[in-house]
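Only one structure is covered here, and it is reproduced in the block below.
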Amino acid sequence: MKEKLTPDVVLKNYWDGDDEFTDFFNAVLFDGDCVIHSLNDTERDTAAAVVLENKEKTSSFENFRDNIKIQLLSADSGAKPALFCLESQSYINYSMPVKVMGYNYGTYDKQLRKNSERYTGTDSLKGNEYLSSMRKEDRFMPVVTIVLYYNKEAWDGPSNLKDILDIPSPLKGYVSDHPFLLIEARDCELKLHNTNNIHFFRMLQIALNSKLSSREGKAKLKQYADEHRPSKKVLITLAGVLGTAIDYNKYEREDITMETIFDDMFMEWEAKGEARGEVKGAKGLIETCQELGCSDQYIIEKLQTKLNLARSKAVEFMEKYGKQPA
């Protein structure tokens, strides 16, 4: 059965694209220079063989990493493989340094375990190598993790481990800070080359601009889309990042247009706004009526008449927001 698409899955699917993923990491790490590149079918050099040999390992990482890829990194000694990881973050996580450390540790630990499996059932390891489950000359791929934060609110969380530690002065020189790379989608300036990425980030910066009203944001998004005609993939991912509760599966049909996606997005946003207003009105009415000593039945009837609610919805609000008797 085909997996149902959700905002999280849509975002993960976007960054599973080799071109988008590689372009983003080059922009963040190397100011847009093409230092990292994907393995393509025509490459058959030694470094590519190493990547192919290790590609199946990424499947064991994917259950705890948002997106992870083995890519080739241009170096003085030739192309070398490395593990690049992208963590998508929609809220400020004040434990992020520990979370990233855990992710990176898990990725190195899985490399170590996979490596040690090569020696299982053999007598090739002796002494300290046997105790270490690896040869002295064994080497692992470096892991680079970027946290991409999607939110209107500026990140005010920690950027390294020391930010969340209470370190006595005598120990400050001995505690590692373990910084992590954080990119805020709302105001980042990246030298991107991939067309999808360019449109995706430009539209994100409109959508996440807290200085724009909802109406202004919608108008600017529509204007940008009309002028630049971003791909369906970009629009669907934008909707996913913004947590839009729409049927993502239907957009895989070829006959679905950009205009259809925008119409569905805007309708859902308006419905959310109406729902927020409905909840606010219901909570205020319930609180006022209860302060006046009104019965639950009276409040339910008022919710129906004042807010034009169905009885089932009025009862639901009463059960959810009504104060319980002492």
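Using cut-offs of 30° and 60° on the angle between ring planes, the pair W15 and F24 is tilted. Taking the six-membered ring for Trp and thresholds of 30 and 60 degrees, F200 and Y150 have ring planes inclined between 30 and 60 degrees apart. Aromatic ring orientation, H199 versus H228: tilted (interplanar angle from 30° to 60°).
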(request) Please assess D16 against K12 for the test side chain to side chain contact (heavy atoms under 4.5 Å, CB included), listing each intermediate value before the final yes or no. (result) CA-CA 6 Å; D16 274 346; K12 179 177 172 56; 4.2 Å; yes
(request) Apply the test side chain to side chain contact (heavy atoms under 4.5 Å, CB included) to residues V144 and L181: give CA-CA distance (whole Å), side-chain angles for both, the deciding distance (0.1 Å), then the verdict. (result) CA-CA 9 Å; V144 177; L181 287 165; 4.3 Å; yes
(message) For a side chain to side chain contact (heavy atoms under 4.5 Å, CB included) check, start with the C-alpha distance between W155 and Q89, then their side-chain angles and the critical distance, and finish with the verdict.
(response) CA-CA 11 Å; W155 181 274; Q89 192 67 27; 4.2 Å; yes
(request) Go through the steps to decide whether E129 and E137 satisfy the test side chain to side chain contact (heavy atoms under 4.5 Å, CB included), and finish with yes or no. (result) CA-CA 10 Å; E129 290 185 337; E137 62 270 17; 4.0 Å; yes
(request) Any chance you could lay out the side chain to side chain donor-acceptor pair (under 3.5 Å) test for Y14 and N197, step after step, and finish with the verdict? (result) CA-CA 10 Å; Y14 179 85; N197 280 352; 2.6 Å; yes
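Side chain of E87 to main chain of V100: no donor-acceptor pair is present (N/O by atom type, distance under 3.5 Å, no hydrogens or angles). When atom types are taken as modelled, the side chain of T305 and the backbone of E301 share a donor-acceptor pair closer than 3.5 angstrom. Judged purely by atom type and a 3.5 angstrom limit, S95 has no side-chain atom pairing as donor or acceptor with the backbone of V98. A distance-only check finds no donor-acceptor pair linking the side chain of H193 to the backbone of D23 [under 3.5 Å]. Using a distance-only test at 3.5 Å, with no hydrogens or angles considered, a donor-acceptor pair links the side chain of D163 to the main chain of S159. A donor-acceptor pair under 3.5 Å is absent between the side-chain atoms of K191 and the main chain of A27, judged by distance alone. Of the possible donor and acceptor atoms, none in the side chain of D33 sits under 3.5 Å from a partner among the backbone N and O of V35.
Residues L182 and Y149 meet the side-chain proximity criterion, which asks for heavy atoms closer than 4.5 Å. Using a 4.5 Å heavy-atom threshold, the side chains of L83 and Q111 count as touching. You'll find the side chain of N160 stays beyond 4.5 Å of the side chain of P97, heavy atoms only. At least one side-chain heavy atom of S231 sits under 4.5 Å from a side-chain heavy atom of V234. Side-chain contact between Y119 and D138: present, with at least one pair of heavy atoms (C-beta onward) separated by less than 4.5 Å. Here the side chains of K152 and R186 are not in contact, with every heavy-atom distance at 4.5 Å or above. Between Q205 and K220 the shortest side-chain heavy-atom distance does not fall below 4.5 Å. The closest side-chain heavy-atom distance from L161 to D177 is not below 4.5 Å.
Note that the CD atom of Q71 and the CG atom of D18 stand 5.5 Å from one another [nearest 0.5 Å]. To the nearest 0.5 Å, atom CZ of residue F25 and atom NZ of residue K69 are 10.5 Å apart. The CG atom of L73 sits 6.0 Å away from atom CD1 of I36, with the distance rounded to the nearest 0.5 Å. E189 CD to D31 CG: the interatomic distance, rounded to the nearest 0.5 Å, is 11.0 Å. Here the CE atom belonging to M141 is positioned 10.0 Å from the OH atom belonging to Y108, to the nearest 0.5 angstrom. Distance CG/D66 to CD1/I146: 13.0 Å, rounded to 0.5 Å.
The shortest non-hydrogen separation linking N26 to C34 is ND2-CA, 3.9 Å. Nearest heavy-atom pair, S133 versus S116, reported as atom, atom and distance to 0.1 Å: O-CB, 3.4 Å. Contact detail for L303 and A314: the closest heavy-atom pair is CD1-O, 3.5 Å. Between N93 and P158, the closest heavy-atom pair is O-CD, 4.2 Å. Considering every non-hydrogen atom in both I286 and G322, the closest pair reads CG2-CA, 3.8 Å. Considering every non-hydrogen atom in both H37 and S74, the closest pair reads CD2-OG, 4.0 Å.
Using a cutoff of 4.0 Å between basic side-chain nitrogens and carboxylate oxygens, E20 and K233 are scored as salt-bridged. Salt-bridge check for E316 with K313: passed, with a basic side-chain N closer than 4.0 Å to an acidic carboxylate O.
Atom NZ of K162 sits in a crowded spot, with more than 12 heavy atoms from other residues, nucleotides or ligands closer than 6.0 Å. For Y94, the OH atom sits in a packed shell: over 12 heavy atoms of surrounding residues, nucleotides or ligands are nearer than 6.0 Å. At most 12 heavy atoms of other shown residues, nucleotides or ligands fall within 6.0 angstrom of atom OH in Y105. Around CG of D156, the count of heavy atoms belonging to other residues, nucleotides or ligands within 6.0 Å exceeds 12. No more than 12 heavy atoms of other residues, nucleotides or ligands sit less than 6.0 Å from atom CZ of R113. In this structure, E117 places its CD atom where more than 12 heavy-atom neighbours from other residues, nucleotides or ligands lie under 6.0 Å away.
Follow the hydrophobic side-chain contacts under 4.5 Å out from L208 and you reach L192 in the same cluster. Following chains of ILVMFWY side-chain contacts shorter than 4.5 Å, one cannot reach V147 starting from L29, and the two form parts of different hydrophobic clusters. When hydrophobic clusters are built by joining Ile, Leu, Val, Met, Phe, Trp and Tyr residues whose side-chain heavy atoms come closer than 4.5 Å, directly or via intermediates, L235 is grouped together with L221. L112 and I70 fall into different hydrophobic clusters, defined by Ile, Leu, Val, Met, Phe, Trp and Tyr side-chain heavy atoms under 4.5 Å apart, directly or through other members. In the hydrophobic cluster analysis, where Ile, Leu, Val, Met, Phe, Trp and Tyr join through side-chain heavy atoms closer than 4.5 angstrom, M101 is grouped apart from F140.
Looking at N67, I183, L11 one by one, the single match for side chain to side chain contact (heavy atoms under 4.5 Å, CB included) with L148 turns out to be I183.
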